[in-house]
Amino acid sequence: MIPAMPHVCQDVLGIERESLPVLVVAGAAGSGKTTLGRELARRLGTALLDLDTLTNPLLDELDSMIEGPHWNSAGPHSERIRAGRYAVVRAAARDLVQLGQRPVLVAPFTRELTGAPEWTLLVNELSPAATKVIHVDGSPELLARRRAARGADRDAHRPVDPPARTPRIPHLRVDAELTTAQQADLVARELGLS
């Protein structure tokens with residue numbers, strides 16, 4: 001006989017996961033959003049849903065079948081590819097929210113941050129969970145240096161980033177110059193988990 005274990009939905013900090021918001025970690029390529037997202041997911045004991053991890057392997061496999069330039073460049077299919085990539089993140093997040101989880105989502109979320117219809121779509125998909133946007137921001141020079149240093153294939157096909165705009169939706173700005181631990185501590189304080 002296997003004893004029944006009560007289901008306790010608490011994170012490593014003793015906070016009920018369902019009381020936490022879904023963290024939306026946004027920023028330009030090279031800002032360190034994935035690194036911060038991993039640290040937040042680790043600290044909170046929750047899932048990390050990274051746009052690149054969830055979608056790039058499939059798109060890289062299909063790239064030779066897609067006419068035009070690399071899938072990650074501004075080509076004739078870029079709008080449909082973007083829509084599909086973000087649909088994957090939303091669907092995976094929705095499944096986790098329905099299970100009582102509060103995942104950490106990592107992506108540029110460029111349109112979402114402007115308050116465009118994509119933001120409303122994301123919020124509606126994550127309902128009833130609240131969302132908290134963490135915007136990792138740094139100077140264009142810092143971001144360019146980081147992209148060059150990591151030498152990732154995804155950056156080779158990326159169009160040049162337009163100048164960063166301040167998000168139009170409520171957010172917590174996190175300086176890309178801070179260490180990952182400092183950034184995560186800032187987010188924890190914002191969430192009342194210090």
Side-chain angles (χ1 to χ4, degrees), residues 1-58 84-110 112-113 118-138 143 146 150 152 154 167 169-194:
M1 179 177 206
I2 299 173
M5 297 296 291
H7 176 70
V8 179
C9 196
Q10 292 187 340
D11 64 32
V12 293
L13 299 173
I15 304 297
E16 288 186 29
R17 285 187 180 148
E18 290 184 4
S19 70
L20 293 173
V22 172
L23 297 181
V24 176
V25 182
S31 63
K33 62 188 173 293
T34 298
T35 304
L36 175 58
R38 283 185 185 132
E39 178 61 14
L40 292 171
R42 186 193 67 75
R43 285 190 185 192
L44 298 173
T46 192
L48 172 71
L49 298 177
D50 181 273
L51 178 74
D52 289 342
T53 303
L54 292 171
T55 64
N56 286 10
L58 175 62
R85 294 180 80 203
Y86 280 85
V88 167
V89 172
R90 288 192 312 269
R94 182 185 62 240
D95 285 349
L96 289 171
V97 166
Q98 289 174 351
L99 294 171
Q101 294 287 315
R102 297 301 183 255
V104 175
L105 311 183
V106 175
F109 291 109
T110 308
E112 289 76 5
L113 295 178
E118 289 85 353
W119 174 249
T120 303
L121 184 61
L122 177 65
V123 170
N124 289 343
E125 291 274 348
L126 299 176
S127 182
T131 57
K132 178 70 179 173
V133 176
I134 313 302
H135 184 243
V136 186
D137 192 19
L143 304 182
R146 286 184 175 176
R150 73 182 179 191
R154 65 184 183 265
I169 57 167
H171 65 282
L172 171 65
R173 182 191 178 274
V174 173
D175 190 339
E177 294 274 1
L178 296 174
T179 67
T180 304
Q182 290 170 325
Q183 293 173 344
D185 289 345
L186 182 65
V187 174
R189 281 193 301 275
E190 178 76 10
L191 296 174
L193 304 175
S194 51

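Along the sequence shown, the residues carry numbers beginning at 1.
- In this structure a side-chain-to-backbone donor-acceptor pair under 3.5 Å is present from Lys33 to Gly27.
- Residues His135 and Val174 form no side-chain contact, since every pair of their non-hydrogen atoms from C-beta on lies 4.5 Å or further apart.
- Taken from CG in Asp50 to CZ in Arg38, the straight-line distance is 6.5 Å, to the nearest 0.5 Å.
- With a 4.5 Å cut-off on side-chain heavy atoms, Ser127 and Val97 do not count as touching.
- Pro103 has its side chain within reach of Val22: a pair of non-hydrogen atoms, C-beta onward, lies under 4.5 Å apart.
- A distance of 11.5 Å separates CZ in Arg94 from CG in Asn124, rounded to the nearest 0.5 Å.
- Using a 4.5 Å cut-off on side-chain heavy atoms (C-beta onward), Asp52 and Arg85 make contact.
- Using a 4.5 Å heavy-atom threshold, the side chains of Thr131 and Leu105 count as separate.
- In this structure, Leu40 CG and Arg42 CZ are separated by 9.5 Å, a value rounded to the nearest 0.5 Å.
- Scanning all heavy atoms of the two residues, the minimum distance from Ala107 to Leu51 falls at CB-CB, 3.6 Å.
- When all heavy atoms of Arg173 and Leu186 are compared, the pair lying nearest together is O-CD2, 4.0 Å.
- Ala176 and Ser31 get closest at one heavy-atom pair: CB-O, 3.5 Å.
- Considering NE2 of His171 and CD of Glu190, their distance stands at 10.5 Å, rounded to 0.5 Å.
- Checked by atom type and distance alone, the side chain of Tyr86 pairs as donor or acceptor with a backbone atom of Phe109 at under 3.5 Å.
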Let's go through Leu58 and Val88 carefully: what are the C-alpha distance in whole Å and the side-chain angles of both, what is the deciding distance for side chain to side chain contact (heavy atoms under 4.5 Å, CB included) to 0.1 Å, and is it a yes or a no? CA-CA 12 Å; Leu58 175 62; Val88 167; over 6 Å; no

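- Remark: the backbone N or O of Asp175 is paired with a side-chain donor or acceptor of Gln183 at under 3.5 angstrom.
- In this structure, the separation between CG on Asp185 and CG on Leu178 is 10.0 Å, given to the nearest 0.5 Å.
- Under the 4.5 Å side-chain criterion, counting only non-hydrogen atoms from C-beta, Val25 is not in contact with Val187.
- Closest of all the heavy-atom pairs between Pro170 and Val133 is O-CB, 3.8 Å.
- Between atom CG of residue Leu113 and atom CD of residue Glu118 there is a gap of 11.0 Å, rounded to the nearest 0.5 Å.
- Thr53 has its side chain out of reach of Leu48: every pair of non-hydrogen atoms, C-beta onward, lies at least 4.5 Å apart.
- Side-chain contact between Arg90 and Leu121 is present, with at least one heavy-atom pair separated by less than 4.5 Å.
- Shown here for Ala26 and Pro108, the closest heavy-atom pair between the two residues is CB-O, 3.5 Å.
- For the residue pair Leu36 and Ala184, the shortest heavy atom distance occurs at CD1-N, 3.7 Å.
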